[in-house]
Amino acid sequence: MKMNFHDEMKQMFLRVAAGEVEPKEWKAWWNSHRLKLEESLNRGDRGRMMPALWDANYYWMAKTQSGVAYYFHAQGRPVKVSGYYEEKMQEEEERERQKAMEGYHKDTASARRRWEEYLACHPADTIDFDWKSLLGTPAGQKPAKEFPYKNARTSEQWKECGEELKLRLKENLQAKIAPVAKAYGMKKAGPRTFVRESNGLVSRIQFIGYFRGGGYEAIVCYLCPIYAIQYGISGLPGHICQGENFQRMQKDWGVIQYGMEAVDAAMVERINRKFDDILIFLADGVLPEWRRIDSLETYFAKERLDYLKATKTGPKNPKTGRPMWNLDTGGKKDPWQADDYLFGVWDLLNGKETEGYARLEECVRHNSDYMKEHLKEFPGAFNDPRDAMAVMYRNAQLFLGTKDVPDAGKRRDKIQETYEEVCRFMRYYHGVAKKTGRNLE
């Protein structure tokens with residue numbers, strides 16, 4: 001007996017729910033029965049099963065399956081759906097992402113090649129450290145506690161969860177982050193901060209504590225000249241500082257931020273995995289790239305700056321159509337004019353006084369109105385490492401003041417003297433030296 005169309009349609013829908021229909025087969029079947037489907041389905045069901053932008057791939061097939069499941073649910077006959085399309089969609093997305101990244105690396109190959117050629121002429125020491133051996137459960141980790149609750153409700157429970165969370169963070173920090181930081185020459189500048197000074201440069205890794213007493217709100221990583229602050233120009237190519245490893249690290253960050261859930265065995269395992277993500281971000285990208293920049297000359301090399309510029313914008317995400325990352329400000333200067341300070345001082349140190357003083361004047365002028373009012377309320381801000389803008393503003397003023405020295409030779413000496421004085425304070429600012437004060441006059 002020949003099956004009527006209504007029965008054929010439901011059989012096809014059941015096959016879709018079971019993950020047995022490939023995208024091209026579904027498209028062909030739908031198109032060949034379009035008129036009958038318009039008679040048999042309401043507009044909402046048609047839109048859910050075959051959206052206007054539907055294309056023959058697993059992403060849209062997963063949408064179709066969801067529409068089919070809704071159709072049966074609305075009829076009071078819910079069906080179990082297969083995860084086949086979801087799995088194939090993820091595989092499809094990964095292939096498209098890899099293809100997009102290959103295109104990105106091809107587009108930036110010319111700038112990368114010039115940067116690599118520069119590095120070949122200015123080699124730095126490499127680090128041979130088996131950081132992958134640190135992945136997984138931290139050595140000597142204490143057994144997980146058992147909690148009689150899942151979510152903290154009382155003040156005692158909040159305290160208990162917070163203390164247990166901090167213990168697990170400390171275990172992972174000491175077992176995973178501290179060893180790799182030490183391998184790259186960094187020293188502890190606090191319970192969750194690592195710093196290194198070398199050849200006029202400073203690198204810093206800091207875990208910022210969550211202000212409500214939980215875990216870590218964020219991780220701050222930067223490499224810059226000692227005289228500079230951490231804002232302004234990016235120190236790393238986009239695919240390292242904002243790419244796949246960074247995005248994986250950021251995902252589910254709340255597991256090491258909030259202390260509102262019982263830190264049981266499952267939570268401890270999630271914390272361990274998150275620190276694996278952080279370790280990979282640092283050891284498989286950030287630290288090796290920093291290691292190659294071993295002097296101020298390399299930091300400011302045109303080849304490096306050109307490479308950073310070329311990598312500001314990532315390839316389009318195949319799922320969203322938007323760049324995977326975008327560090328390009330579209331020509332807009334940063335609100336602090338930190339780059340004017342950064343490059344202005346470097347110009348002075350290299351004898352380019354016209355360019356250097358012009359940049360420093362712009363930095364001071366841009367921030368003067370704000371700083372005038374700010375310093376009325378906080379007169380000691382120049383000496384406060386927590387007030388980066390005030391510190392930078394004072395530094396820029398000091399360097400700009402050397403312009404008033406009329407003799408060229410004495411002016412150069414004054415610039416060098418100012419540089420050394422600023423660096424003396426900035427070592428305290430970055431955490432590589434003990435507290436240092438300076439005259440605010």
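- A salt bridge links E362 with R365: at least one charged nitrogen is closer than 4.0 Å to a carboxylate oxygen.
- The residues E25 and R15 are annotated as salt-bridged, a charged nitrogen and a carboxylate oxygen being separated by less than 4.0 angstrom.
- Sparse packing is recorded around OH of Y70, with 12 or fewer heavy atoms of other residues, nucleotides or ligands lying under 6.0 Å away.
- A salt bridge is defined here as a Lys NZ or Arg NE, NH1 or NH2 lying under 4.0 Å from an Asp or Glu carboxylate O, and R34 with E38 fails to meet this definition.
- With 3.5 Å as the limit, one finds no donor-acceptor pair spanning the side chains of Q90 and E94.
- The pair D252-K274 does not meet the salt-bridge criterion, since no charged nitrogen lies less than 4.0 angstrom from a carboxylate oxygen.
- Enclosure of atom NZ in K316 is not indicated, since only 12 or fewer non-hydrogen atoms of other residues, nucleotides or ligands lie within 6.0 angstrom.
- The 12-atom threshold is exceeded at OH of Y118, counting heavy atoms of other residues, nucleotides or ligands nearer than 6.0 Å.
- From W131, atom CH2 reaches atom CG of D284 across 4.5 Å, with rounding to the nearest 0.5 Å.
- Environment of NZ in K150: crowded, with over 12 heavy atoms of neighbouring residues, nucleotides or ligands closer than 6.0 Å.
- Applying the 6.0 Å contact sphere to NZ of K188 captures more than 12 heavy atoms from other residues, nucleotides or ligands.
- Remark: the Q257 side chain and the E217 side chain contain no N/O donor-acceptor pair separated by less than 3.5 Å.
- Geometric assessment of R394 against the ring of F382 yields a positive cation-pi assignment under the 6.0 Å and 45° thresholds.
- The six-membered or imidazole ring of Y216 lies away from that of Y210, with a centre-to-centre distance of 6.0 Å or more.
- For the pair K88 and Y58, the cation-pi criterion (under 6.0 Å, within 45° of the ring axis) is fulfilled.
- W325 and Y104 have their aromatic ring centers within a separation under 6.0 angstrom.
- Counting only N and O atoms by type, the side chains of Y393 and H366 include no donor and acceptor under 3.5 Å apart.
- A salt bridge links E160 to K145: at least one charged side-chain nitrogen sits closer than 4.0 Å to a carboxylate oxygen.
- Stacking of R304 on the aromatic ring of Y299 is recorded, both the 6.0 Å distance cut-off and the 45° axial limit being met.
- With a 6.0 Å radius and a threshold of 12 heavy atoms from other residues, nucleotides or ligands, K63 has its NZ atom at or below the threshold.
- By the neighbour-count criterion of 12 heavy atoms within 6.0 Å, atom NE2 of H105 is densely surrounded, having more than that number from other residues, nucleotides or ligands.
- Side-chain contact, Y227 with N395: no donor N or O sits under 3.5 Å from an acceptor N or O.
- N199 and S295 form no side-chain donor-acceptor contact under 3.5 Å, judged by distance and modelled atom types alone.
- With respect to the salt-bridge test (charged N to carboxylate O, under 4.0 angstrom), the residues R112 and E116 qualify.
- A side-chain donor-acceptor contact under 3.5 Å links Y71 and Q75.
- Counted by atom type alone, W26 and Q65 present zero donor-acceptor pairs between their side chains at under 3.5 Å.
- N317 and E96 are not linked by any side-chain donor-acceptor pair at a separation below 3.5 angstrom, with hydrogens and angles left out of the test.
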